[in-house]
Amino acid sequence: MNFFNPFYSLPRRLAVIVGTRPNFVKAAPFLREAKNHPRFDYTVIHTGQHFDQNMSEVFFAELGIPRPDVFLNPGGEKHTEKIALMFDQMKDVFKQHKFAGAIVFGDVNSTLAGALAAIKHNVRLAHIEAGLRSHDRRMPEEINRVIVDHLAHLHFVTEQSGVENLRREGVKERKIHLVGNIMIESLELYRNKIEASPILAQLQLKPKGYILVTIHRQENTDSKQALAEILQLVAGLKNQYQVVFPLHPGTKKRIEEYGLASFLTGLTVIEPVGYFDFVKLTKDSLGVVTDSGGIQEETSHLGIPCATLRDNTERPVTLELGSNKLFPIAEATSSEILQHLKRLDFKPGLIPFWDSGVSKRIFQVLDNWEI
Ligand code: UDP
């Protein structure tokens, strides 16, 4: 590099803010592609929202994500307290670095805290996975999505519904970019490693011989009644199929607190697993029962039936394909769920731009971003 060259300019520094399991899966292809774009330097900020081996470290190791430059340690009990502490701790990082831009992913509390920190420090903000709407303001994630999208200067969108939502909310056309689903890019990038996962043998499972379950949404776990209803539905599946249930730490805590552990009898309850193991478990399952956002997308891409235990979804393209079906917990029955999971007629890979070119499309825009 020739620093005396008048046309040489120092790389622009971007803050890349991550904090949870789905954030890590989305950040991996972004940071991998970033190496090919010398216009930028990066400071990776880990908010500490998910911090342990199962929920954080395994993703950095498996997906080759560079070690974060900054680790926050927000502590706090309530969600609101945690958001405030993350936001406050980011202040020093933003003061120290002169960021030209900030990148946030998805809809979690770390996304909101990162977006607020960027805007308060006059830093331009790009939101990856913008525009999704469940139109259900009871969901904390929906509030996060709406606020972050209205603060952001650039919106990278996964599906056409997101483009329409942003237009309807008055976001200018030039800020909206339908680039596809970066979480699916991870899946494509690591297909061989996913395929090679030994998890089926380890758990003594046969392909299509088991159902995979994950539950973690706050509206499902913060109410004893809702969680009991869900566990009852899940328990109703175990007579016909083995049920594998990697238990999210938040859900585990609630099950213990509410005294609901007896519902887990007869299920294969395990700790959350790494990314390769989880996608392998998904791919070879009969079907998946979940309230996760990302897992609705991964099952749709893989053509695996998914029963989503929610009243609505912010990812309507997954319903259009048919492989994902909503089962509102107040009305659902285990036998209806089972009937859906036994369908074998779904085809993989049908959603436009859900492929391995997403981060390249994002950088086509970032390389020309006026920052
Ligand atoms: N996942 C994982 N191990 C697990 C459960 C999920 O690696 O035990 C992955 C899954 O493949 C997907 C992401 O975590 O890529 C989804 O995260 P989560 O369901 O926690 O969040 P959401 O998508 O609902 O925001």
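Whatever order the structure lists ligands and atoms in, that order sets their numbers, starting from 1.
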Identity and distance of the protein heavy atom lying nearest atom 21 (O) of ligand 1 | P22 CG, 3.4 Å
Just go through H248, M183, M55, E298 and tell me whose heavy atom is the nearest to atom 10 (C) of ligand 1.
-> E298
Mark yes when over 12 heavy atoms from residues, nucleotides or ligands other than E57 sit less than 6.0 Å from its CD; otherwise mark no.
-> yes
At under 4.0 Å between heavy atoms, which part of F278 makes contact with ligand 1: side chain, backbone, both or neither?
-> side chain
In ligand 1, the atoms that come under 4.0 Å of a heavy atom of F59 are 2 (C), 7 (O)
Ion pair K193/E62, N-O distance below 4.0 Å = no
For ligand 1, which atoms have a heavy atom of S292 less than 4.0 angstrom away?
-> 18 (P), 19 (O), 22 (P), 23 (O), 24 (O)
What atoms in ligand 1 come closer than 4.0 Å to a heavy atom of P272?
-> 8 (O)
Between T221 and H248, is any side-chain donor less than 3.5 angstrom from a side-chain acceptor?
-> no
Would you mind running through ligand 1 and noting each atom that sits below 4.0 Å from a heavy atom of V25?
-> 15 (O)
Examine L321 and I184 and state if one hydrophobic cluster contains both, with Ile, Leu, Val, Met, Phe, Trp and Tyr joined whenever side-chain heavy atoms are less than 4.5 Å apart.
-> yes
Those atoms of ligand 1 less than 4.0 Å from some heavy atom in G293 | 22 (P), 23 (O), 24 (O)
Give a yes/no on ligand 1: does G274 have at least one heavy atom closer than 4.0 angstrom to it?
-> yes
Short side-chain donor-acceptor distance under 3.5 Å, N324 and T308 | yes
Where is the nearest protein heavy atom to atom 8 (O) of ligand 1: which residue, which atom, and how far?
-> V273 N, 3.1 Å
Does ligand 1 have an atom under 4.0 Å from some heavy atom of R217?
-> yes
Could you find the nearest protein heavy atom to atom 18 (P) of ligand 1 and give me its residue, atom name and distance?
-> H216 NE2, 3.6 Å
Establish, from distance only, whether the side-chain atoms of T282 and E298 form a donor-acceptor pair under 3.5 Å.
-> no
Ion pair present between R310 and D136, side-chain N to carboxylate O less than 4.0 angstrom?
-> no
Is it the side chain, the backbone, both or neither of E141 that has a heavy atom closer than 4.0 Å to ligand 1?
-> neither
Would you confirm whether the ring centroid of F24 sits within less than 6.0 angstrom of the ring centroid of H46?
-> yes
At what distance is the nearest protein heavy atom to atom 23 (O) of ligand 1, and which residue and atom is it?
-> G294 N, 2.7 Å
Just checking, is any N or O donor in the side chain of E159 or S161 under 3.5 Å from an acceptor N or O on the other one?
-> yes
